[in-house]
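Structure first, commentary second.
Computed from a predicted model, the values in this text were never measured in an experiment. In the text below, chain A, chain B and the rest are named by the order of the sequence lines, each starting its count at 1.
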Protein chains: 2
Amino acid sequence: MAPRTIRKKPASAAGPRRPAPRPDPDESARTQAVADRLHTLAIHLLRWLRKEDEALGLSGSRLSALSVVVFAGPVSLGDLAAAEQVRPPSMTPVVLALEQAGLVKRRAHPADRRTVLVEATAKGREQLTRGRRLRVGQLANLLEGFPARELDELERTVDMLRQKLEDDRSG
Amino acid sequence: MAPRTIRKKPASAAGPRRPAPRPDPDESARTQAVADRLHTLAIHLLRWLRKEDEALGLSGSRLSALSVVVFAGPVSLGDLAAAEQVRPPSMTPVVLALEQAGLVKRRAHPADRRTVLVEATAKGREQLTRGRRLRVGQLANLLEGFPARELDELERTVDMLRQKLEDDRSG
DNA sequence: TTGCTTAGTTAGCCTAACTAAAGTATGCTT
DNA sequence: AAGCATACTTTAGTTAGGCTAACTAAGCAA
């Protein structure tokens, strides 16, 4: 059905009116409680999703590196190492393994032949997409049957949190 | 951050799990989209929180074992190994390290002296609580300033998802 | 007693993922 | 050209975590 944002104030559960954002101790405790539950949920959710990754046959560090290569385009081995917060020597075997699996290709930088440019192959992109789809599909099963209204709420909340996270990282 | 290509795919391609009660293509695509964003959020959230753990000085497996000991009360080494899904020999050094750190205590089972009972010390409980508080506090900062209505929504959604997860695990 | 079972430890080995330091090839500057 | 800088690889070693097999100690049963 049309995923339209049906907005309705949940008068029942909304609690007392809070006209101004001030450091209310009650509200702070409430925030903590919600944070705690969100924390636990995130852990359980990812643990639950991890089993999907095993089907891919890629270890965590390789999967993570592949993801950087796929999304950040051709990237030097050094930059890739930096993105993954490891030293270049640690990245060398990871890239080699990915190359042997046919998921990335290494080529020389056109202007600086010292530099190894790593780029994703079509197969690499596919594989990452497939893994993502496995996870997301699994998660979608969980959400299947949620009424549209709940999905709307969830989406809005998720976006808000992502925004906050981003703000925090840059700010 | 990720250039997501959300494709309208038949739901069958996504998850092997259960037949949806009604395969409405629109709603299914919507569900996938929300799942995708939730997935990304969970990853980012935990990655962002991980840095808090470093302050604790406990590796993942030790932290996890400690958490079992704290919450499941005195537990035999074998049961602990089973809970952590490893073999008993792998658990031995973990428990030793926790004991050396003063976080757990080992004692003989009163009725069966072969059995090693592992129980948390006050320090162990504190440390776990502290770690949790670090994470949750960090997360709470993120939520600080959310209007009460949003918190309510978030809480309800989180609880729903946790319920679903539990259902899935048992069912 | 003798012998089997169970709980945990010890010993020895494996893999993954990291590291620092040294080596090699290339680029840049003077 | 000479010499330093940079980008990566190689080498050698660490750490964390896992495993099996063999051992010790304790319980149980005939």
- Query: If we only count heavy atoms from C-beta on, is the B:V34 to A:V158 side-chain gap below 4.5 Å?
  - Reply: no

- How long is the line joining CD of B:E84 and P of D:dC19, in whole Å? 12 Å

Got a list of protein N/O to nucleotides 24-26 of chain C N/O distances below 3.5 Å?
none

- Under 4.0 Å between a side-chain N or O of B:S59 and OP1 or OP2 of D:dG17? yes

- Task: Whole angstrom is fine here: how far is it from CG in A:L96 over to P in D:dC8?
- Result: 13 Å

- Message: Expressed as a whole number of angstroms, how long is the span from B:L77:CG to D:dA26:C1'?
- Response: 16 Å

- Query: Should B:T115 be listed as having a side-chain N or O under 4.0 Å from OP1 or OP2 of C:dA7?
  - Reply: no

- Under 3.5 Å, is there a donor-acceptor pair between the side chain of A:T121 and the main chain of A:G102? yes

- Item | First encountered from the 5' end of DNA chain C, between B:P93 and A:M91 | B:P93

- Sorted by position of nearest nucleotide on DNA chain C, 5' first, the leading residue of B:G78 and A:Q85 is B:G78

- Between A:E119 and A:R107, is there a side-chain N and carboxylate O pair less than 4.0 Å apart? yes

- Message: Between C1' on C:dC18 and CG on A:L80, what's the gap in Å once rounded to a whole number?
- Response: 15 Å

- Integer-rounded Å distance: D:dA7 C1' and A:R106 CZ: 12 Å

- Can B:T40 and A:R132 be counted as having a side-chain donor-acceptor contact under 3.5 angstrom? yes

- May I ask you to verify if any side-chain N or O of B:R87 is less than 4.0 angstrom from the OP1 or OP2 atom of D:dT20? yes

- With distance as the sole test, does A:T157 use its side chain to make a donor-acceptor pair with the main-chain N or O of A:E153 at under 3.5 Å? yes

- Query: Does a nitrogen or oxygen in the side chain of B:S61 sit under 4.0 Å from OP1 or OP2 of D:dG17?
  - Reply: yes

- Item | Under 4.0 angstrom between B:R107 side-chain N/O and C:dG8 OP1 or OP2 | no

- Message: What's A:S90 touching, base or sugar-phosphate or nothing? Going by heavy atoms closer than 4.0 Å.
- Response: base

- Message: Between A:S64 and A:E84, do the side chains contain a donor N or O and an acceptor N or O under 3.5 Å apart?
- Response: yes

- Query: Taking all atoms of both residues into account, what is the closest heavy-atom pair of A:E144 and B:K164, and its distance?
  - Reply: O-NZ, 3.8 Å

